[in-house]
Amino acid sequence: TVPFDKIVVVDDGSTDKTPLIVNELKERHSTLHLVQNTKSERAVGSKVVRAFNSGLKSICIEDFDLISKFDADLEFPQDYNEHLINTFQDDDDLGLLGGMCQVPIQDGSWKDEKVSKNDHVRGALKTYRVTAFQQIGGLYTMMGWDSADEFALRHHGHSIVMLPHLKVKHFRPTNAASGWIKACKLNAQVYKNLRYGFVLSILSALKRGLYNRPLVLTGLVTAFYYTLSIFKANESPVSQEIGKSTRKYRWKTMF
């Protein structure tokens with residue numbers, strides 16, 4: 001119901017004729033633009049941000065009020081943009097907004113993708129107020145970027161809202177292609193990157209075991225990999241200051 005002013009499609013080494021399809025569509029849609037970015041494997045974590053940034057370089061961000069990062073495997077309701085714009089206009093402190101991801105289940109229906117609260121927007125469908133996006137310096141090039149951006153926004157006084165009534169179909173659920181053990185490793189790295197600290201990281205890891213299959217084992221394996229990561233010297237891109245406010249927020253939500 002409200003069209004995009006510009007759509008940048010980043011072809012990140014696809015094998016499904018994405019450039020050909022986009023170039024055909026460009027003849028009928030002047031708002032469409034193609035950026036080709038080569039890679040050697042499926043993008044996760046920091047590679048997702050690099051692909052997004054390659055598209056970001058093709059526009060002048062100051063020309064826009066809102067900017068979105070959308071994955072290719074999404075289907076939106078027709079009034080999605082309309083809801084976003086109205087919600088941003090009603091809240092000057094709002095920095096990040098998105099709908100509720102739904103994932104397919106075996107009987108062909110859809111269910112809401114599990115999130116702990118309505119204060120987290122899935123990395124697949126983030127829409128930022130441009131001024132807030134610029135204030136946090138864009139997205140972190142690391143695993144856990146889709147939580148780090150939210151903690152940085154809160155640190156600077158911006159709010160994050162997920163609209164549970166605004167359903168978006170997510171055809172390839174988070175970590176679907178990774179396998180559960182690799183997902184455990186990735187989540188352990190996320191806790192370190194976000195500067196959770198040991199106790200908070202172990203509690204968060206064990207919590208994963210309550211909701212992710214195989215139950216319990218997922219939590220224990222994530223905790224194991226986090227413990228191993230402590231002995232690695234790699235430094236988080238997240239500042240100590242934001243790390244401190246992140247821990248304060250996470251403890252508050254836990255209690």
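Just so you know, residue 1 is the first one in the sequence shown, and it goes up from there.
Hydrophobic clustering (side-chain heavy atoms under 4.5 Å, transitive across Ile, Leu, Val, Met, Phe, Trp, Tyr) keeps Val103 apart from Val168. Residues Ile67 and Leu139 fall within the same hydrophobic cluster, defined by Ile, Leu, Val, Met, Phe, Trp and Tyr side chains chained together at heavy-atom separations under 4.5 Å. There is no path of hydrophobic side-chain contacts, each under 4.5 Å, that joins Ile136 to Leu97. Under the 4.5 Å side-chain contact rule for hydrophobic residues, Tyr249 and Ile202 share a cluster. Side-chain heavy atoms closer than 4.5 Å link hydrophobic residues (I, L, V, M, F, W, Y) into clusters, and following such links, even through other members, never connects Val130 to Phe4.
Environment of CG in Asp79: crowded, with over 12 heavy atoms of neighbouring residues, nucleotides or ligands closer than 6.0 Å. Enclosure of atom NZ in Lys185 is not indicated, since only 12 or fewer non-hydrogen atoms of other residues, nucleotides or ligands lie within 6.0 angstrom. Around atom NZ of Lys6, more than 12 heavy atoms belonging to other residues, nucleotides or ligands sit under 6.0 Å away. Other residues, nucleotides and ligands contribute at most 12 non-hydrogen atoms within 6.0 Å of the CG atom of Asp65.
With 3.5 Å as the limit, one finds a donor-acceptor pair spanning the side chains of Asp149 and Tyr128.
In terms of heavy atoms, Pro237 sits closest to Tyr140 at O-CE2, 3.7 Å. Summarising the geometry of Leu186 relative to Met143, their closest heavy-atom pair is CB-CE, 3.7 Å, with the distance given to 0.1 Å. In plain terms, the two heavy atoms of Val10 and Gly55 that are nearest each other are CG2-CA, 3.8 Å. Residue Gly144 comes nearest to Leu194 through the heavy atom pair O-CD2, 3.8 Å, listed as atom of the first residue, atom of the second, then distance. Nearest heavy-atom pair, Gln134 versus Glu62, reported as atom, atom and distance to 0.1 Å: NE2-OE2, 3.1 Å. Residues Ala51 and Asn37 approach most closely at CA-ND2, 3.8 Å, considering heavy atoms.
The OH atom of Tyr191 lies 10.0 Å from the CG atom of Leu203; values are rounded to the nearest 0.5 Å. Atom CG in Leu220 sits 11.5 Å away from atom CG in Leu215 (nearest 0.5 Å). Atom CG of Leu163 is separated from atom OG1 of Thr87 by 5.0 Å, given to the nearest 0.5 angstrom. To the nearest 0.5 Å, atoms CG (Asn81) and NE2 (His83) are separated by 10.5 Å. Here the straight-line distance linking atom CE of Met162 with atom CG of Leu96 works out to 11.5 Å at 0.5 Å rounding. Here the CG-CD distance, from Leu166 to Gln102, works out to 10.5 Å after rounding to the nearest 0.5 Å.
At least one side-chain heavy atom of Asn53 sits less than 4.5 Å from a side-chain heavy atom of Thr141. Under the 4.5 Å side-chain criterion, counting only non-hydrogen atoms from C-beta, Thr127 is not in contact with Leu125. Two residues are said to be in side-chain contact when any heavy atoms from C-beta on lie closer than 4.5 Å; Ile59 and Leu56 meet this criterion. Residues Phe133 and Phe64 form no side-chain contact, since every pair of their non-hydrogen atoms from C-beta on lies 4.5 Å or further apart. Contact annotation: the side chain of Asn212 never approaches that of Thr222 to less than 4.5 Å [non-hydrogen atoms, C-beta and beyond]. In this structure the side chain of Trp251 reaches within 4.5 angstrom of the side chain of Val199, judged on heavy atoms. With a 4.5 Å cut-off on side-chain heavy atoms, His170 and Asp73 count as touching. Contact of the Arg250 side chain with the Phe151 side chain is registered, since non-hydrogen atoms from C-beta on lie closer than 4.5 Å.
Applying the ring pair (Phe, Tyr, Trp, His ring centres under 6.0 Å) test to His158 and every residue at least two apart in sequence or in another chain returns nothing. Taking the ring pair (Phe, Tyr, Trp, His ring centres under 6.0 Å) definition, one finds that Phe52 meets it with nothing, sequence neighbours left out. For Tyr80, the ring pair (Phe, Tyr, Trp, His ring centres under 6.0 Å) test picks out Phe76, with sequence neighbours left out. Under the rule for a ring pair (Phe, Tyr, Trp, His ring centres under 6.0 Å), Tyr226 has no partner lying at least two apart in sequence or in another chain.
In terms of modelled atom types and a separation under 3.5 Å, the side chain of Lys69 and the main chain of Gly123 share a donor-acceptor contact. In this structure, the side chain of Asp11 does not engage the main chain of Pro19 through any donor-acceptor pair within 3.5 Å. Listed for the Lys111 side chain is no donor-acceptor partner under 3.5 Å among the backbone atoms of Ile105. Of the possible donor and acceptor atoms, one in the side chain of Asp107 sits under 3.5 Å from a partner among the backbone N and O of Ser109. A donor-acceptor pair under 3.5 Å is formed between the side chain of Ser236 and the backbone N or O of Asn193. One N or O on the side chain of Lys126 and one on the backbone of Val121 form a donor-acceptor pair closer than 3.5 Å.
For the salt bridge (Lys or Arg N to Asp or Glu O under 4.0 Å) criterion with Asp112, the lone passing option out of Lys169, Lys167, Arg122 is Lys167. Each of Leu94, Ile160, Asp93 was scored for a side-chain contact (heavy atoms from CB on, under 4.5 Å) with Leu153, with one residue passing: Ile160.
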Step by step, would you call Tyr225 with Leu228 a side-chain contact (heavy atoms from CB on, under 4.5 Å)? CA-CA 5 Å; Tyr225 280 116; Leu228 287 183; 4.1 Å; yes

May I have the step-by-step check of salt bridge (Lys or Arg N to Asp or Glu O under 4.0 Å) for Arg195 and Glu235, ending in yes or no? CA-CA 10 Å; Arg195 296 186 182 275; Glu235 183 71 10; 2.6 Å; yes

Sequence neighbours excluded and cut-off under 3.5 Å, please list the side-chain donor-acceptor pairs for residues 24-34, or say none.
none

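Under the 6.0 Å cut-off for aromatic ring centres, Phe171 and Trp110 qualify, their centroids lying closer than that.
When hydrophobic side chains of Ile, Leu, Val, Met, Phe, Trp and Tyr are connected at separations under 4.5 Å, Leu210 ends up clustered with Tyr211.
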